[in-house]
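For clarity, every value in this text was computed on a predicted model and none was experimentally measured.
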Amino acid sequence: MATSALVSLISKKIIKPSIQTPLPLRSHKLSFLDQVFDMSIPFAFFYPKTGSEPSHVSQRLENSLSKTLSYYYPYAGKTKDDCIVDCNDVGVEVSNVRVHCPMSEILKHPYVNVENVAFPQQLPWNHPNKGNLAVAQVSYFDCGGIAVGGCLSHKIGDACTISNFFYNWGILSRDISVTSSPHFVGESIYPQSNDPCVVSTIKPEEPIGYVGKRFVFPADKVNAFKSKFSFESGVENLTPTEIVSSVIYRCAVAARTMNIGSFKPSSLFQVSYMRERHNPPLSQDASGNIVSGFFVETTNEKDVNCPRLVRQLRNEKEKLDQDKARAIENAFISEVVDSIKKGKKSPFNNDMLDYYFCLSLNAFPLYKTDFGWGKPARVSLATGPFNRWFHLMDNQIEGGMEAIVMLGELDMSVFETNPELLEFATPLPNH
């Protein structure tokens, strides 16, 4: 499906904060992680029926976005010398577009990249042009449904920060008088670096020939595998993330092994959000890049079995929980620094090892984001530009979880037919 041909521009407008940013907050100092991230995080929320005229929808969203930006003020500013954000209230560009098809044609498609019609750029993970830190798009479908999408800079905050941004934008869209209370941590957790050899940027490089597909893991299957894996691993109270990520990783490594003809040592990196793990714990309103992560490595093919994987995932997570005093000295930071010192543009780049990445969004209020038309039928996090990535989130229709899995085309063709995966997961059907 040629998605670019489906979209036509209606209008563009700059939305500024409803209240000027106070002088003491005008200079937002970036943390080390803020400095090295140079990409956007793109979310889109699909609402099949709004019952409102487009002009009314646009006015409501623009007014509430203006109020939201007065609380999330760094997104309306510009970066300066990769050290600070000048919170000068320059604003955020919002596009209104027409998508010339019904929303159902997008949501039923097996490949997730068609959902990119809801994002304001062709490559939504790229950092917005000219130093802008956020762009947004409201998409109107032929059926009367709309999608609210946005690409917000990773320099200002992680996925938790951005999901809270959209959630609060929804609250203000329903009641403009409500107040919000995000607070930006800046460099208080990961101090800024002044070393030009270390301060570089992580820029995603577009892999060639990868695809992203959505898979649903029904609640009854998750519960059945929870009992099975708990018994075989000896780990109690397994989480859906531990279960689903181990199955996806095992099946993805099996697909890779089949295609290249032999097993290649691999590593699963689980992104972790550190607010509750921080010492002392931070509230969910804490905004910024407050992330870490841990590795599970498999050097032998026999190690790629789910009971062992869930046990390793639990062990590494517990180490992260227990070592709060050394929260900033973690695998993720070390890998970033080592990678940059070796002159690499992206961390986790090792020809001898295949890296896989899991990002779980279950704890975030994505499916509670209500702009006045109820909960979204679909929340999308754009595919790419990554290979061997999977994003997990709650599934609202069948319960359980859903996953966006990104693999090379050949690996995906084997992965999606794996009997072990299909015993557990249901892919969206092809047309």
Side-chain angles (χ1 to χ4, degrees), residues 213-258 263-273 276-277 292-323 331 353-364 388-405 407 411-412 414-428:
K213 295 192 77 169
R214 187 183 301 273
F215 296 82
V216 175
F217 296 78
D220 58 340
K221 297 291 184 69
V222 173
N223 291 331
F225 275 77
K226 178 178 181 178
S227 299
K228 174 180 169 63
F229 292 167
S230 291
F231 176 77
E232 294 176 352
S233 67
V235 180
E236 297 181 353
N237 301 316
L238 286 172
T239 67
T241 294
E242 291 169 333
I243 297 164
V244 174
S245 61
S246 66
V247 171
I248 293 175
Y249 177 61
R250 172 175 167 78
C251 295
V253 170
R256 178 82 165 146
T257 300
M258 179 175 292
F263 173 79
K264 185 176 181 180
S266 304
S267 178
L268 172 63
F269 184 78
Q270 174 72 59
V271 178
S272 299
Y273 295 92
E276 293 181 359
R277 294 182 172 96
S292 180
F294 52 86
F295 296 95
V296 169
E297 293 192 358
T298 48
T299 56
N300 300 290
E301 191 169 4
K302 62 181 177 59
D303 290 338
V304 193
N305 65 82
C306 290
R308 178 184 179 275
L309 291 172
V310 296
R311 187 165 57 248
Q312 281 191 294
L313 286 168
R314 177 61 60 86
N315 289 341
E316 294 303 318
K317 183 168 64 174
E318 288 177 347
K319 289 178 185 177
L320 202 61
D321 290 338
Q322 294 164 2
D323 202 16
L353 193 69
D354 278 343
Y355 283 103
Y356 294 78
F357 302 85
C358 177
L359 174 66
S360 176
L361 305 169
N362 290 349
F364 305 150
R388 297 192 287 275
W389 271 77
F390 38 99
H391 305 132
L392 309 180
M393 65 182 73
D394 293 326
N395 179 261
Q396 298 300 297
I397 299 175
E398 301 179 44
M401 297 183 70
E402 62 183 59
I404 298 174
V405 179
L407 296 172
D411 288 351
M412 180 63 79
V414 177
F415 174 85
E416 65 182 345
T417 59
N418 187 311
E420 185 174 351
L421 176 74
L422 296 178
E423 181 185 356
F424 188 27
T426 304
L428 284 178

Might you point out which heavy atoms bring Glu232 and Arg311 nearest each other, and give the distance in Å?
-> O-NH1, 4.4 Å
Distance in Å, Arg308 CZ paired with Ser233 OG, rounded so as to fall on 0.5 Å steps = 12.5 Å
Using the test ring pair (Phe, Tyr, Trp, His ring centres under 6.0 Å), find all partners of Tyr273 that sit at least two apart in sequence or belong to another chain.
-> Phe364
Side chain proximity check, Asp303 to Phe263, heavy atoms < 4.5 angstrom | no
Ignoring hydrogens and angles, tell me if any N or O in the side chain of Thr298 forms a donor-acceptor pair with the backbone of Val296 under 3.5 Å.
-> no
Value for CG (Leu353) from OG (Ser266), rounded to nearest 0.5 Å, stands at 6.5 Å
Take Val405 and Glu416, measure what side chain to side chain contact (heavy atoms under 4.5 Å, CB included) needs, and give me the verdict at the end.
-> CA-CA 10 Å; Val405 179; Glu416 65 182 345; over 6 Å; no
Could you state the interatomic distance from CZ (Phe269) to CH2 (Trp389), rounded to the nearest 0.5 Å?
-> 8.5 Å
For the residue pair Asn315 and Phe294, establish whether any side-chain heavy-atom pair is separated by less than 4.5 Å.
-> no
With sequence neighbours left out, what residues match Arg314 under salt bridge (charged side-chain N to carboxylate O under 4.0 Å, His left out)?
-> Glu242
Under the 3.5 angstrom rule, does the side chain of Asn418 hit a backbone N or O of Glu420 as a donor-acceptor pair?
-> yes
Heavy-atom closest pair (Cys306 atom, Arg250 atom, distance to 0.1 Å) is SG-CD, 3.7 Å
Starting at OG1 of Thr426, measure out to CZ of Phe217 and round the result to the nearest 0.5 Å.
-> 9.0 Å
For the student: nearest non-hydrogen atoms of Asn362 and Thr241, plus distance = ND2-OG1, 3.3 Å
Is Val244 close to Phe225 at the side-chain level, that is, under 4.5 Å between some pair of heavy atoms?
-> no
Report yes if some heavy atom in the side chain of His391 is under 4.5 Å from a heavy atom in the side chain of Leu359; otherwise report no.
-> yes
For the residue pair Leu320 and Ser292, what are the closest heavy atoms and their distance?
-> CD1-OG, 3.8 Å
pair Ile404-Arg214: side-chain heavy atoms closer than 4.5 Å | yes
Give a yes or no on whether the backbone of Val235 and the side-chain of Ser230 come within a donor-acceptor separation of less than 3.5 Å.
-> yes
Within the side chain of Lys221, is there an N or O that forms a donor-acceptor pair under 3.5 Å with the backbone of Glu423?
-> yes
Interatomic spacing from CG in Leu268 to CG in Leu313 - rounded to 0.5 Å | 6.0 Å
Shortest non-hydrogen separation from Val414 to Met258 and the atoms involved = CG1-SD, 3.7 Å
Would you mind reporting whether Ile248 and Leu392 have side-chain heavy atoms less than 4.5 Å apart?
-> yes
Taking all atoms of both residues into account, what is the closest heavy-atom pair of Leu309 and Ser246, and its distance?
-> CD1-O, 3.7 Å
Quick one: are Thr257 and Lys264 in side-chain contact, heavy atoms under 4.5 Å?
-> no
Hey, would you say the Phe415 and Phe215 ring centroids sit under 6.0 Å apart?
-> yes
Answer whether the closest heavy-atom distance between the side chains of Arg277 and Lys317 falls below 4.5 Å.
-> yes
Distance col, row Phe357:CZ vs Phe295:CZ, nearest 0.5 angstrom, shows 7.5 Å
